[in-house]
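So the structure is just underneath, and the comments pick up after that.
By convention in this document, chain letters (A, B, ...) are assigned in the order of the sequence lines, proteins followed by strands, and residues within each chain are numbered from 1.
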Protein chains: 2
Amino acid sequence: MSTNDCLSGTIRHLLDAGVRPTRHRLALAELLFDGRERHVSAEMLNVEAREHLVSISLATVYNTLHHFTAAGLLREIVVDSRRGYFDTNTSDHYHFFYEDSLCLVDIPIEALEIMRLPATPAGKTIRRVEVVVRVSG
Amino acid sequence: MSTNDCLSGTIRHLLDAGVRPTRHRLALAELLFDGRERHVSAEMLNVEAREHLVSISLATVYNTLHHFTAAGLLREIVVDSRRGYFDTNTSDHYHFFYEDSLCLVDIPIEALEIMRLPATPAGKTIRRVEVVVRVSG
DNA sequence: GCGATTTTTAGAATCATTCTAAAGGGTGTT
DNA sequence: AACACCCTTTAGAATGATTCTAAAAATCGC
């Protein structure tokens with residue numbers, strides 16, 4: 001058994017989620033999980049990685065985003081029928097989508113209250129209730 | 001002045017929306033506005049047109065869907081970050097999205113009640129509040 | 001029917017994403 | 001350290017949806 005308690009927070013974060021902390025995953029995780037609420041597309045993260053002098057292929061960015069999502073570290077949000085966005089906030093919440101700047105901002109769950117839900121279709125399970133408030137101007 | 005009162009319902013529908021009722025637009029409108037609630041992608045509508053022996057190019061299907069949307073005859077729904085869907089129901093309402101079959105079903109506005117909305121960001125206007133209930137199984 | 005304006009078209013171009021197959025890296029065992 | 005095994009990364013090709021382009025065709029008002 002190795003001394004597990006002196007690992008960097010990011011490595012721990014990945015290990016806890018069952019993701020092998022490879023060099024590239026670590027670099028992307030450092031960028032993603034910096035404490036801010038972040039909503040990134042693959043292309044955005046790729047650019048950011050290059051800006052931070054991390055040499056990485058776009059395919060790896062896609063792989064990693066999908067791995068992180070499968071491991072519960074990220075959550076995919078659908079607001080645009082062209083691009084996929086990933087959210088570092090994996091808890092239940094909603095979004096503002098700024099149509100002009102294509103930016104996303106979290107709406108905390110308690111800021112929006114849904115009183116009534118329609119009956120779930122027979123034999124189905126609700127996976128998620130997504131709310132997107134589209135704003136512009 | 002022509003005798004306007006003996007036009008087909010579909011032609012009237014297009015004229016009322018300020019859309020020139022060309023042959024192709026009419027054919028697509030006949031398919032779309034048949035009374036059912038419909039949620040189509042460009043590819044789906046293109047296949048359907050061919051099945052009905054309407055010879056049309058995919059580019060025209062895209063043009064027409066966008067024209068109809070701009071004219072208020074359709075509404076675009078975002079549920080999938082790959083494909084765009086268009087809804088023949090342009091009134092305020094929400095959606096079930098069946099993740100397995102990629103099907104959409106309307107949720108009437110009164111079946112879901114949103115009690116509290118967060119404050120609108122300064123200087124912005126709410127364009128729409130979208131609710132998608134994702135189900136599977 | 002004429003001419004001006006819009007539509008339609010096929011195909012090329014674009015953009016995001018996934019796939020492929022090969023090279024590289026990580027981990028545990030000896 | 002060397003080995004073997006398995007997982008990751010990669011560049012580039014492939015895919016799929018959508019948009020663009022430029023030319024041909026249809027439409028409309030006169």
Side-chain angles (χ1 to χ4, degrees), chain A residues 1-4 7-8 10-11 14-15 17-29 31 39-50 53-71 73-74 76-86 102 104, chain B residues 1-4 7-8 10-11 14-15 17-31 39-50 53-71 73-74 76-86 102:
Chain A
M1 162 197 170
S2 64
T3 88
N4 246 6
L7 297 176
S8 95
T10 309
I11 293 181
L14 295 188
L15 286 174
V19 174
R20 283 225 301 216
T22 66
R23 203 145 24 83
H24 293 126
R25 288 172 181 174
L26 221 75
L28 294 182
L31 292 175
H39 305 92
V40 302
S41 68
E43 196 55 62
M44 283 163 59
L45 186 56
N46 189 49
V47 166
E48 194 175 344
R50 291 181 187 292
L53 306 172
V54 179
S55 154
I56 201 167
S57 98
L58 183 54
T60 300
V61 175
Y62 275 101
N63 287 343
T64 303
L65 286 172
H66 288 141
H67 265 111
F68 283 5
T69 303
L73 295 172
L74 289 176
E76 202 169 355
I77 334 167
V78 180
V79 281
D80 187 321
S81 60
R82 315 178 145 55
R83 236 172 311 279
Y85 284 88
F86 295 84
L102 304 181
L104 280 157
Chain B
M1 160 199 167
S2 65
T3 88
N4 248 6
L7 296 176
S8 95
T10 309
I11 294 182
L14 296 188
L15 286 174
V19 173
R20 285 224 301 214
T22 66
R23 207 151 14 90
H24 293 127
R25 288 172 181 174
L26 220 74
L28 294 181
E30 293 281 2
L31 292 175
H39 306 93
V40 302
S41 69
E43 197 55 60
M44 285 164 59
L45 186 56
N46 189 48
V47 166
E48 194 175 345
R50 291 180 187 293
L53 305 173
V54 179
S55 155
I56 199 167
S57 97
L58 184 54
T60 301
V61 174
Y62 275 101
N63 286 345
T64 303
L65 285 172
H66 288 141
H67 265 111
F68 283 6
T69 303
L73 296 171
L74 289 176
E76 202 169 355
I77 333 168
V78 180
V79 281
D80 187 321
S81 60
R82 314 177 146 54
R83 236 174 310 280
Y85 284 88
F86 295 84
L102 304 181

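Here C:dG11 presents its C1' atom at 17 Å from CD1 of B:Ile56, a figure rounded to the nearest Å. Distance, A:Leu65 CG to D:dT8 P: 15 Å, rounded to whole Å. Rounded to whole Å, atom C1' of C:dA10 lies 13 Å from atom CG of B:Asn63. Rounded to an integer number of Å, the gap from A:Leu14 CG to C:dT27 P is 12 Å. Here the P atom of nucleotide C:dT18 and the CG atom of A:Asn46 are 14 Å apart, to the nearest Å. Summarising the geometry, the separation between CD on A:Glu76 and C1' on C:dA16 is reported as 12 Å, rounded to the nearest angstrom. What separates CG of A:Asp80 from C1' of C:dC15 is a distance of 12 Å, to the nearest Å. Whole-Å rounding puts the A:Leu15 CG to C:dT27 P distance at 9 Å.
For the pair A:His24 and C:dG25, the criterion of a side-chain N or O lying under 4.0 Å from OP1 or OP2 is not met. For B:Thr60 and C:dT9, the shortest distance from a side-chain N or O to OP1 or OP2 is below 4.0 Å. The shortest distance between the side-chain N/O atoms of B:His67 and the OP1/OP2 oxygens of C:dT6 is not below 4.0 Å. For B:His66, no side-chain nitrogen or oxygen approaches OP1 or OP2 of D:dT18 to under 4.0 Å.
With sequence neighbours excluded, no residue forms a salt bridge (Lys or Arg N to Asp or Glu O under 4.0 Å) with A:Glu76. B:Ala70 pairs by the side chain to side chain contact (heavy atoms under 4.5 Å, CB included) definition with nothing, not counting sequence neighbours. Taking A:Ala42 as the reference, A:Val61, A:Tyr62, A:Leu65 meet the side chain to side chain contact (heavy atoms under 4.5 Å, CB included) condition, with sequence neighbours excluded.
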Name the pairs: protein N/O against N/O of nucleotides 13-17 of chain D, kept only if under 3.5 Å.
unit_1, atom_1, unit_2, atom_2, d
D:dA17, OP1, B:Arg83, NH1, 3.3
D:dA17, O3', B:Arg82, O, 3.4

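Taking 4.5 Å as the limit, every side-chain heavy atom of B:Thr60 sits out of range of all side-chain heavy atoms of B:Arg25. Residues B:Leu28 and B:His24 fail the side-chain proximity criterion, which asks for heavy atoms closer than 4.5 Å.
Toward the 5' end of DNA chain C, the nearer of the two residues B:Arg25 and A:Ser41, judged by each one's closest nucleotide, is B:Arg25.
Considering every non-hydrogen atom in both A:Pro21 and A:Leu26, the closest pair reads CB-CD1, 3.6 Å. Across all non-hydrogen atoms, the minimal contact from A:Ala71 to A:Ala17 is CB-O, 3.7 Å. The minimum heavy-atom distance between A:Met44 and A:Tyr85, with the atom names listed, is SD-CE2, 4.2 Å.
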May I have the list of side-chain donor-acceptor pairs in residues 77-84 of chain A shorter than 3.5 Å, sequence neighbours left out?
unit_1, atom_1, unit_2, atom_2, d
A:Asp80, OD1, A:Arg82, N, 2.8

**OP:** Mark up nucleotides 21-27 of chain D, 5' to 3', with B wherever a protein heavy atom is under 4.0 angstrom from a base atom, S wherever such an atom reaches only the sugar-phosphate, and - elsewhere.
**Re:** -----SS
